[in-house]
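Since we're looking at a predicted model, the values are computed, not measured.
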Amino acid sequence: MTFLPVPEQMELIRRGTEEIIPEDELMQKLVWSRETDTPLKIKLGCDPSRPDLHIGHAVVLRKLRHFQDLGHQAILVIGDFTAHIGDPSGRNKTRPQLTLEEARDNAESYVEQAKVILDIDKLKIVYNSDWLDAMSFSDVIKLASKYTVARMMERDDFSKRFKSEIPISIHEFLYPLAQGMDSVELKADVELGGTDQKFNLLVGRDLQREYQQKPQVIITLPLLEGTDGVEKMSKSYGNHIGLHDSPDEMYGKTLSIPDNMIEKYFLLALDSDPNTMAEIKAQLADPAVNPRDVKRRLARELVALYYDSETAVQAEKNFDRIFIHKGIPDEMDEYLLSQKTLLVELLFNAGLTKSKSDARRLIKQNAVKLDGIACSDINYSLRPGCGEVIIKVGKRKFIKVIG
RNA sequence: GGGGAGAUGGCCGAGCGGUCAAUGGCAGCAGACUGUAAAUCUGCCGGCGUACGCCUACGGAGGUUCGAAUCCUUCUCUCCCCA
């Protein structure tokens with residue numbers, strides 16, 4: 001393996017990163033790697049407690065992929081043991097603790113999804129329970145003695161919670177130490193993570209020093225906000241664009257992001273090169289260009305990235321038909337009408353509303369349309385023999401009733 | 001170990017023993033306007049019934065009362081102060 005010259009490697013590595021700490025150490029490592037023809041060990045920890053990947057996760061996975069493309073050794077650490085502890089990062093509540101078995105099952109699905117981004121054949125996958133589970137209580141105490149409470153409290157999340165009198169469990173202090181031990185175990189050269197992981201990544205450096213290793217360089221990546229443009233993308237906020245979302249969903253959700261997120265999405269979600277970024281920036285600054293069109297390009301390219309360009313064009317067409325021309329989708333679920341059914345009943349049974357009361361509310365609010373005509377009668381019912389009726393609920397829920 | 005405060009609907013946060021399905025804010029949903037953007041306006045926002053109705057709910061379990069989210073007992077959990 002011959003490695004690219006360091007400056008060229010650095011250019012790709014820097015793209016879209018928040019911080020590289022310390023940058024000169026990274027360059028030294030790259031120089032050394034090139035001279036000795038040894039790939040660097042790039043560590044990325046993943047949390048298998050929530051295995052549904054979205055394009056927010058993809059940001060850091062893409063960075064790992066960059067390193068793979070540069071010929072370095074990517075190591076995915078499945079945090080099965082740490083998921084068992086519950087990472088407090090970015091939470092004001094303690095996360096649920098999974099059993100090791102649950103964590104392992106989730107990990108499989110995680111890797112399955114990550115395949116879209118990573119070169120799976122060259123990826124090294126390790127489970128941190130392999131070494132963490134083997135530690136004895138006295139090992140843990142010895143480890144814990146290497147860090148102080150004051151240093152732990154430097155972490156923003158902990159100090160905030162402490163100030164606002166929100167509980168912090170002792171085991172949460174152990175989380176960064178456990179993650180740091182992963183770096184020691186792997187002798188990682190570089191560790192990647194979101195900006196919310198900065199503290200944990202830095203602890204890895206400290207612990208490696210304690211264990212007479214060369215400390216890892218840490219690279220943090222910005223957190224991508226979700227479709228609301230405010231909270232970081234997360235399934236629990238309901239603002240995520242899943243890697244496995246259908247092309248239509250992916251396209252539509254992307255168009256729903258606020259305009260001020262367009263640039264960030266091009267950079268982080270699409271991993272655009274500097275030339276493209278300059279172009280996008282210019283377009284957004286140009287009053288003659290409607291930001292919507294830039295966003296449409298974003299949505300198209302995003303779908304093309306995870307599917308292909310043909311699918312992306314189709315997704316755009318579908319979108320235009322449904323939302324711009326107020327048409328109906330090609331495909332929708334069907335509901336077979338076997339007997340006279342109250343509309344309210346039907347909406348609920350078909351899963352279009354979360355309860356019958358909800359269905360009634362929506363009908364009263366003119367949100368339910370039968371073949372394009374709003375129905376505000378909560379007593380309306382359909383009977384067999386009425387033929388095909390397309391029911392639309394709200395902006396995007398459709399069902400075809402066959403009666 | 002001692003003393004004090006507190007646990008309310010997705011979150012924050014009000015709540016005089018009856019008029020509380022529970023003020024308000026956020027989030028969410030729908031309608032209008034749009035570009036599934038932003039801003040704005042309107043309505044909804046526990047479940048079941050087309051209404052005045054019923055059921056479930058204010059940390060858990062008991063109790064007082066005609067009646068409790070509101071009072072008492074106890075349990076669980078959390079925070080603060082002192083040691």
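- Here the CG-NZ distance, from A/L123 to A/K115, works out to 11.0 Å after rounding to the nearest 0.5 Å.
- The nucleotide whose nearest atom lies closest to any side-chain atom of A/K395 is, among B/G35, B/A30, B/C80, B/A30.
- A/D293 has no carboxylate O lying under 4.0 Å from a charged side-chain N of A/R297, or vice versa, which leaves the two without a salt bridge.
- Straight-line distance between the P atoms of B/G28 and B/U74: roughly 44 Å, to the nearest whole Å.
- In this structure, B/A5 forms a base pair with B/U78, meeting either the Watson-Crick or the G-U wobble geometry with both donor-acceptor distances under 3.5 Å.
- Distance noted for atom P between B/G2 and B/C55: 45 Å (whole Å).
- B/U65 sits 23 Å from B/G59 when the P atoms are compared, rounded to a whole Å.
- When each of B/G35, B/U36, B/U50 is scored by its nearest atom to the side-chain atoms of A/N379, the top-ranked nucleotide is B/U50.
- Rounded to an integer number of Å, the gap from A/K397 NZ to B/G31 P is 11 Å.
- Within the nucleic acid shown, A/R396 comes within 4.0 Å of at least one base atom, counting heavy atoms only.
- In this structure, A/N239 atom CG and B/G10 atom P are separated by 19 Å, rounded to whole Å.
- Separating the P atom of B/U64 from that of B/G25 is a span of 40 Å, rounded to the nearest Å.
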Validation: residues 365-378 of chain A side-chain donor-acceptor distances under 3.5 Å, sequence neighbours left out:
| from | atom 1 | to | atom 2 | distance (Å) |
| --- | --- | --- | --- | --- |
| A/Q365 | NE2 | A/R361 | O | 3.4 |
| A/D371 | OD1 | A/I390 | N | 2.9 |
| A/D377 | OD1 | A/N379 | N | 2.8 |

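- Here B/U36 presents its P atom at 14 Å from CG of A/N318, a figure rounded to the nearest Å.
- For the C1' atoms, the distance linking B/C12 with B/G67 amounts to 31 Å, nearest Å.
- Ranked by how close their nearest RNA chain B nucleotide is to the 5' end, A/Y251 and A/L342 are led by A/Y251.
- One atom, CG of A/D228, and another, C1' of B/G28, lie 12 Å apart when rounded to the nearest Å.
- Evaluated for a side-chain contact (heavy atoms from CB on, under 4.5 Å) with A/E25, the options A/K214, A/Q216, A/R205 yield exactly one hit, A/R205.
- If you check every strand for non-hydrogen atoms under 4.0 Å, A/I322 touches nothing.
- Using a 4.5 Å cut-off on side-chain heavy atoms (C-beta onward), A/R296 and A/L255 make contact.
- The distance from atom CD of A/E316 to atom P of B/U36 is 12 Å, rounded to the nearest whole Å.
- Nucleotides B/C82 and B/C16, compared at atom C1', are 35 Å apart to the nearest Å.
- At least one side-chain heavy atom of A/T254 sits under 4.5 Å from a side-chain heavy atom of A/I241.
- With both pairing distances under 3.5 Å, B/U40 is matched to B/A32 as a Watson-Crick or G-U wobble pair.
- Judged by Watson-Crick or G-U wobble contacts below 3.5 Å, the nucleotide B/U19 has no partner.
- Annotation: side chain of A/I42 is in contact with side chain of A/H72 (closest heavy-atom distance under 4.5 Å).
- Near RNA chain B, meaning a heavy atom under 4.0 Å from it, residues 257-269 of chain A has A/I257, A/P258, A/D259 in order of number.
- Atom-to-atom, CZ of A/R292 to C1' of B/C33 comes out at 16 Å; the value is rounded to the nearest Å.
- A perpendicular orientation is assigned to the rings of A/F173 and A/F158, their planes being inclined by more than 60° (bins at 30° and 60°).
- When the P atom is compared between B/U40 and B/C52, the two are found 33 Å apart, to the nearest whole Å.
- For the pair A/R396 and A/F323, the NZ or CZ position fails the cation-pi test of under 6.0 Å to the six-membered ring centre and within 45 degrees of the ring normal.
- Note: CG (A/L298) to P (B/A37) measures 15 Å, nearest angstrom.
- Pair check for B/C54 finds B/G47; Watson-Crick or G-U wobble, both atom distances under 3.5 Å.
- Pairing partner, B/U73: B/A61, with both Watson-Crick or wobble hydrogen-bond distances short of 3.5 Å.
- For B/G67, there is no paired nucleotide, since no Watson-Crick or G-U wobble pair has both relevant distances below 3.5 Å.
- Atom name P, nucleotides B/A51 and B/C66: the rounded distance is 34 Å, in whole Å.
- RNA chain B is contacted by A/S355, A/K356, A/S357, A/R360, A/R361, A/L362, A/Q365, A/N366, A/A367 of residues 350-375 of chain A, taking any non-hydrogen atom closer than 4.0 Å.
- Of the listed residues (A/Q197, A/K43, A/Q208), just one forms a side chain to side chain donor-acceptor pair (under 3.5 Å) with A/E191, and that residue is A/K43.
- Between the CZ atom of A/R161 and the C1' atom of B/U78 there is a distance of 13 Å, rounded to whole Å.
- Each of A/L202, A/L201, A/N200 was compared with A/K198 under the side-chain contact (heavy atoms from CB on, under 4.5 Å) criterion, and only A/L202 meets it.
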